[in-house]
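First comes the structure, then the notes that go with it.
What's counted below: heavy atoms across the whole structure, side chains too, no hydrogens, waters or symmetry copies. Note that the structure is predicted; figures quoted are calculated from it, not measured.
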Amino acid sequence: MPIPDDVTGEEIDKDVKQELQSLPKGLAEDVSRNLVMVARLIDEDPEGAYGYSRVALRLASRVAAVREAAGFAAYASQKYSEALAEFRAARRMTGNVDLWPVMADCERGLGRPEKALDMAGAPEVQKLDKAGQVEMRLVAAGARRDMDQLDAAIVTLQSPELASNSVQPWTARLRYAYADALLAAGREGEAREWFAKAVESDKDGSTDASDRLAELDGVEFVDALVEDDGDSDHDSDGDVEVVNSEAPEVETEPESAEDSVDDDGLDDVDDVDGDEGDLKS
């Protein structure tokens, strides 16, 4: 696959570069450039990123960073079985647990929310950093929703991280997931409050919380392109006016041969069945 001349391979993370030092210099450069293209395209063109990841994988399948990049590219392209296989390979090579939440989310994508919940209760969760534990909670709540257990999903999301007033990288997504679960449960007033809190913490626009909040408030943004026919008092500069209005795709896959998982990780994830309380995803 063609790679632009401005991509040198020097753009990659220093830890990845260090991993690639085990390869011959020319090969390491080729792999680096393909990995840069994966990172560059994964959000806007996941299929393109996936293509470059396959090239890197053919060149250096024994490098953990390459397997991980291939996993994320497959995940972004909703190729969950392939993503899970790559994440497992990367984890075997490094012994690192950081990929545990995204591996569990792959199980959801494969239509196995029960497996995702098993992973949420595993000892590996206790080895995750705070961001990883919040991510695991988001996945567990999503699995509950996959199983139509809305009240359990709401309770799963309730946590010190959700209640905290400090803004962390995960805050907006956590608040958004909680608001969305509340809305799905018919608790519109509480949902509006939490969408508003998500907007406050979403400085980089990682969610569409502002649109969801506007929808709940009965506000619709309309692109008012009006042709100037000489009879109108409006110009036709594409002004936007506000008007009032009323308000994971599953991949089929056979059960994997992954080792069974113990269930004593996120303490409250396994204890929410049938819990109607209100208290984290």
Side-chain angles (χ1 to χ4, degrees), residues 1-110 112 116 119 124 127-129 131-132 135-136 138-139 169-170 173 204-207 248-254 256-258:
M1 297 180 67
I3 298 177
D5 292 338
D6 66 324
V7 175
T8 65
E10 293 298 316
E11 303 90 337
I12 62 171
D13 180 90
K14 63 180 182 180
D15 292 335
V16 177
K17 187 180 296 187
Q18 186 173 359
E19 278 194 63
L20 296 178
Q21 286 179 353
S22 61
L23 303 175
K25 184 177 180 180
L27 180 58
E29 181 179 324
D30 288 343
V31 174
S32 297
R33 295 182 73 208
N34 278 281
L35 291 180
V36 171
M37 293 304 297
V38 173
R40 181 178 288 189
L41 296 176
I42 196 163
D43 291 328
E44 301 298 326
D45 180 12
E47 287 295 337
Y50 175 76
Y52 284 104
S53 77
R54 300 308 296 177
V55 175
L57 197 56
R58 286 197 298 271
L59 295 173
S61 63
R62 295 185 180 181
V63 176
V66 172
R67 304 302 290 265
E68 183 174 329
F72 277 110
Y75 177 81
S77 302
Q78 299 185 358
K79 297 175 174 65
Y80 298 116
S81 180
E82 194 171 321
L84 186 56
E86 297 302 337
F87 289 142
R88 285 174 176 164
R91 183 168 178 266
R92 282 195 300 271
M93 291 175 176
T94 65
N96 198 315
V97 298
D98 291 353
L99 295 170
W100 196 253
V102 72
M103 289 168 63
D105 208 37
C106 286
E107 295 289 359
R108 286 185 60 210
L110 290 167
R112 301 194 291 250
M119 295 179 70
E124 283 82 354
K127 301 175 185 177
L128 295 169
D129 61 14
E135 194 65 34
M136 190 72 251
L138 286 163
V139 173
W170 59 77
R173 291 178 58 234
D204 58 0
S206 62
T207 74
E249 185 172 329
V250 173
E251 176 185 343
T252 303
E253 176 73 6
S256 70
E258 175 76 357

Taking atom [atom1] of [X] and atom [atom2] of [Y], what is their separation to the nearest 0.5 Å?
X: Glu82; Y: Ser53; atom1: CD; atom2: OG; answer: 7.5 Å
X: Asp98; Y: Met103; atom1: CG; atom2: CE; answer: 12.0 Å
X: Leu99; Y: Glu135; atom1: CG; atom2: CD; answer: 11.5 Å
X: Leu20; Y: Glu29; atom1: CG; atom2: CD; answer: 11.5 Å

Please name all residues satisfying side-chain hydrogen bond (donor to acceptor under 3.5 Å, both in side chains) with Gln21, sequence neighbours left out, ordered by chain then number.
-> none
Can you list the steps and then say if Met37 with Met1 is a side-chain contact (heavy atoms from CB on, under 4.5 Å)?
-> CA-CA 10 Å; Met37 293 304 297; Met1 297 180 67; over 6 Å; no
When you measure from the side chain of Asp105 to the backbone N and O of Pro101, does any donor-acceptor pair fall under 3.5 Å?
-> no
Is a donor on one side and an acceptor on the other found under 3.5 Å between the side chain of Arg67 and the backbone of Ser61?
-> yes
Check: Glu124 and Met119 side chains under 4.5 Å, non-hydrogen atoms = no
Heavy-atom distance under 4.5 Å between the side chains of Leu57 and Glu86, does that happen here?
-> yes
Closest contact, heavy atoms only, [X] versus [Y]:
X: Val63; Y: Glu19; value: CG1-OE1, 3.5 Å
X: Pro46; Y: Asp43; value: CD-O, 4.2 Å
X: Tyr75; Y: Cys106; value: CD1-SG, 3.7 Å
X: Met136; Y: Ala116; value: CE-O, 4.2 Å
X: Ala64; Y: Ala90; value: O-CB, 3.9 Å
X: Ile42; Y: Ala76; value: CG1-CB, 3.8 Å

Can Glu68 and Thr94 be said to form a side-chain contact (heavy atoms from CB on, under 4.5 Å), step by step?
-> CA-CA 11 Å; Glu68 183 174 329; Thr94 65; over 6 Å; no
CA sep, side-chain torsions, deciding dist, call: Phe87, Trp100, side-chain contact (heavy atoms from CB on, under 4.5 Å) = CA-CA 9 Å; Phe87 289 142; Trp100 196 253; over 6 Å; no
For Leu84 and Leu110, run side-chain contact (heavy atoms from CB on, under 4.5 Å): C-alpha distance rounded to whole Å, both residues' side-chain angles, the deciding distance at 0.1 Å, then the answer.
-> CA-CA 10 Å; Leu84 186 56; Leu110 290 167; 4.1 Å; yes
Pick from Asp45, Ile3, Val7: which one makes a side-chain contact (heavy atoms from CB on, under 4.5 Å) with Arg40?
-> Val7
